[in-house]
Undergrad: 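Just passing along the structure, written as structure tokens.
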Amino acid sequence: MLLDQPITMKNNGQINVVLNGQKKKLKVLNTSSKEITPVKVQSKHSALKEIEDALSTLVGMDEMKKMVKEIYAWIYVNKKREEQGLKPGKQALHMMFKGNPGTGKTTVARLLGKLFLQMNVLSKGHLIEVERADLVGEYIGHTAQKTRELIKRAMGGILFIDEAYSLARGGEKDFGKEAIDTLVKHMEDKQHEFVLILAGYSKEMDHFLSLNPGLYSRFPLVMEFPDYTVDQLIDIANRMMSEKEYKFSKEAEWKLKDHLLSIKSSSSTQTAFSNGRYVRNIIEKSMRSQAMRILINETFDKEELMTIRSQDLIFKEYR
Ligand SMILES: Nc1ncnc2c1ncn2[C@@H]1O[C@H](COP(=O)(O)OP(=O)(O)OP(=O)(O)O)[C@@H](O)[C@H]1O
Ligand SMILES: [Mg+2]
């Protein structure tokens with residue numbers, strides 16, 4: 001149906017519309033009627049809309065965004081299945097994040113906590129971020145105790161283990177093995193009470209999994225966090241800036257782009273390059289330099305207070 005003019009309501013509850021080139025009168029249903037469904041559909045999925053809004057704050061990450069929407073759909077459909085007396089499905093949501101530094105692993109884990117809380121998958125949605133030293137103890141039994149304690153704190157939320165591959169560092173005799181065994185036991189026993197995320201560099205995580213073949217099948221969701229392209233890094237930089245009510249001058253953006261192009265193409269820095277964090281560090285430094293420049297020049301107008309200029313961008317020392 002094509003409406004080629006604004007809808008006009010007649011006193012008798014009819015509207016004039018043009019249907020396939022012909023003027024017609026349509027009777028309007030009682031506006032309180034449940035027949036008018038679009039609003040209902042929208043509000044039913046307002047949670048999904050909110051989730052999409054939260055995901056849209058992140059640059060790229062299409063795979064992760066798709067996965068979150070699939071989980072939402074799965075939970076929703078499961079409720080409908082239960083209403084029809086069908087078996088409710090239960091799936092563990094433990095995950096593995098593989099990627100270089102600064103590719104957004106911690107950011108995504110924190111966001112997932114909030115989204116899973118919204119979807120009623122988790123009761124609290126908090127994130128406990130730990131590394132080897134937090135899990136591994138100094139004597140027999142100490143590691144299991146430390147690990148259990150952290151799992152307890154993570155109940156209702158996410159336990160995020162950064163550089164998880166380091167747990168396999170010392171081989172069979174190392175206490176890291178005890179931490180892995182304790183984690184495996186609890187991730188099965190309490191699989192719907194918390195989400196375990198193991199994170200680390202791709203290569204090291206693959207090696208870690210090859211040493212612990214039983215682990216792979218226990219993580220149904222494996223996500224790659226690729227390095228950002230220069231354009232994505234510029235997008236991330238602009239988002240960080242506008243969040244803080246700053247902006248780049250045109251020349252400053254060009255200078256940053258040039259620098260990122262050169263640093264990403266130089267092979268010696270590729271392994272150490274820390275993606276989003278690198279950009280964040282540059283921005284924070286540039287804000288301090290800008291403050292100093294403004295203080296000296298005494299130009300306190302709003303435009304100047306917001307603008308990072310090319311001379312404020314200083315690149316050395318950052319990785
Ligand atoms: N896709 C993205 N969109 C917007 N900002 C991002 C994105 N990815 C990363 N960032 C920003 O980059 C910075 C680093 O991200 P984060 O700490 O999540 O990386 P990480 O993968 O956990 O790094 P590491 O492995 O070193 O711990 C954060 O300030 C984050 O806000
Ligand atoms: Mg991190």
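Indexing begins at 1, ligand by ligand and atom by atom, following the structure's order.
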Undergrad: Given Thr107, Leu58, Asn275, Asn100, identify the one with the heavy atom nearest to atom 16 (P) of ligand 1.
TA: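 Checking each option, the heavy atom nearest atom 16 (P) of ligand 1 is found in Thr107.
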Undergrad: Could you tell me the residue and atom name of the protein heavy atom closest to atom 8 (N) of ligand 1, and the distance to it rounded to 0.1 Å?
TA: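 For atom 8 (N) of ligand 1, the nearest protein heavy atom comes out as Tyr228 OH, 2.7 Å.
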Undergrad: Would you say Val77 ends up clustered with Met119 if hydrophobic residues are merged whenever their side chains have heavy atoms under 4.5 Å apart, either directly or through other cluster members?
TA: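 No, Met119 and Val77 fall in different hydrophobic clusters.
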Undergrad: Does even one non-hydrogen atom of Gly60 get within less than 4.0 Å of ligand 1?
TA: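 No heavy atom of Gly60 comes that close to ligand 1.
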Undergrad: Close to the Mg ion (ligand 2), meaning under 2.8 Å, how many protein N, O or S atoms are there?
TA: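 If we list every protein N, O or S atom nearer than 2.8 Å to the Mg ion (ligand 2), we get 1.
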Undergrad: For atom 23 (O) of ligand 1, grab the closest protein heavy atom and report residue, atom and distance to one decimal in Å.
TA: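 Atom 23 (O) of ligand 1 sits closest to the protein heavy atom Gly102 N, 2.8 Å.
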Undergrad: Charged N to carboxylate O under 4.0 angstrom, Arg218 versus Glu188?
TA: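 Answer for the salt bridge query: yes.
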Undergrad: Please report which non-hydrogen protein atom sits nearest to atom 25 (O) of ligand 1, along with the residue it belongs to and the distance in Å to one decimal place.
TA: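 Its nearest protein heavy-atom neighbour is Lys105 NZ, 2.8 Å.
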Undergrad: List every atom of ligand 1 that sits less than 4.0 Å from any heavy atom of Asp162, numbering the atoms from 1 in the order shown and giving each element.
TA: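 Going through ligand 1 atom by atom, the ones under 4.0 Å from Asp162 are 27 (O).
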Undergrad: Backbone, side chain, both or neither: what part of Met61 comes under 4.0 angstrom of ligand 1, heavy atoms only?
TA: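 Just the side chain.
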Undergrad: Can you sort out the partners of Lys185 under salt bridge (Lys or Arg N to Asp or Glu O under 4.0 Å), two or more places apart, ordered by chain and number?
TA: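 Partners of Lys185 by the salt bridge (Lys or Arg N to Asp or Glu O under 4.0 Å) criterion, ordered by chain and then number, come out as Asp189.
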Undergrad: Taking the minimum heavy-atom distance to atom 11 (C) of ligand 1, which of Arg277, Arg280, Met240 ranks first?
TA: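 Nearest heavy atom to atom 11 (C) of ligand 1 lies in Met240.
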Undergrad: Does Ile236 approach ligand 1 within less than 4.0 angstrom via side chain, backbone, both or neither, non-hydrogen atoms only?
TA: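 Side chain only; the backbone of Ile236 stays clear of ligand 1.
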Undergrad: Test Leu198 against every option in His94, Met95, Met205 by the side-chain contact (heavy atoms from CB on, under 4.5 Å) rule and name the one that passes.
TA: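 Testing Leu198 for a side-chain contact (heavy atoms from CB on, under 4.5 Å) against His94, Met95, Met205 leaves exactly one candidate, Met205.
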Undergrad: Looking only at atom types and distance, does a side-chain atom of Lys264 sit under 3.5 Å from a main-chain N or O of Tyr228, one as donor and one as acceptor?
TA: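 It does hold such a pair.
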Undergrad: Taking NZ, NE, NH1 and NH2 as the nitrogens, is one of them in Lys98 or Asp206 under 4.0 Å from a carboxylate oxygen of the other?
TA: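 Yes, Lys98 and Asp206 are salt-bridged.
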Undergrad: Salt bridge check: are Lys65 and Glu52 linked by an N-O gap of less than 4.0 Å?
TA: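 A salt bridge is absent here (no side-chain N lies under 4.0 Å from a carboxylate O).
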Undergrad: When you look for heavy atoms under 4.0 Å from ligand 1, do you find them on the side chain of Arg239, its backbone, both, or neither?
TA: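 No part of Arg239 is near ligand 1 at this cut-off.
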Undergrad: Apply side-chain hydrogen bond (donor to acceptor under 3.5 Å, both in side chains) to Gln311 and list each qualifying residue two or more places apart in sequence or on a separate chain.
TA: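 By the side-chain hydrogen bond (donor to acceptor under 3.5 Å, both in side chains) rule, Gln311 matches no residue at all.
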Undergrad: At what distance is the nearest protein heavy atom to atom 9 (C) of ligand 1, and which residue and atom is it?
TA: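 Protein heavy atom with the smallest distance to atom 9 (C) of ligand 1: Gly104 CA, 3.7 Å.
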Undergrad: Heavy-atom contacts under 4.0 Å between Phe225 and ligand 1: side chain, backbone, both, or neither?
TA: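 Neither part.
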Undergrad: Can you tell whether the side chains of Lys105 and Glu163 come within less than 4.0 Å, N to carboxylate O?
TA: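 Result for this pair is no, no salt bridge flagged.
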Undergrad: Quick one: look up the protein heavy atom nearest atom 3 (N) of ligand 1 and list residue, atom name and how far away it is.
TA: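 Residue, atom and distance for the closest contact: Val59 N, 3.0 Å.
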Undergrad: Does the plane of the ring in Phe273 sit parallel, tilted or perpendicular to the ring in Tyr278? Use 30° and 60° as the thresholds.
TA: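 Because their plane-to-plane angle lies in the 30° to 60° range, the rings of Phe273 and Tyr278 count as tilted.
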Undergrad: Please determine whether residues Leu313 and Met240 belong to a single hydrophobic cluster, defined as Ile, Leu, Val, Met, Phe, Trp and Tyr linked transitively by side-chain heavy-atom distances below 4.5 Å.
TA: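 Yes, same cluster.
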Undergrad: Can you run down the side-chain hydrogen bond (donor to acceptor under 3.5 Å, both in side chains) pairs that involve residues 112-130, sequence neighbours left out, and say none if there aren't any?
TA: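 Qualifying pairs: Glu50-Gln118, Thr106-Glu129.
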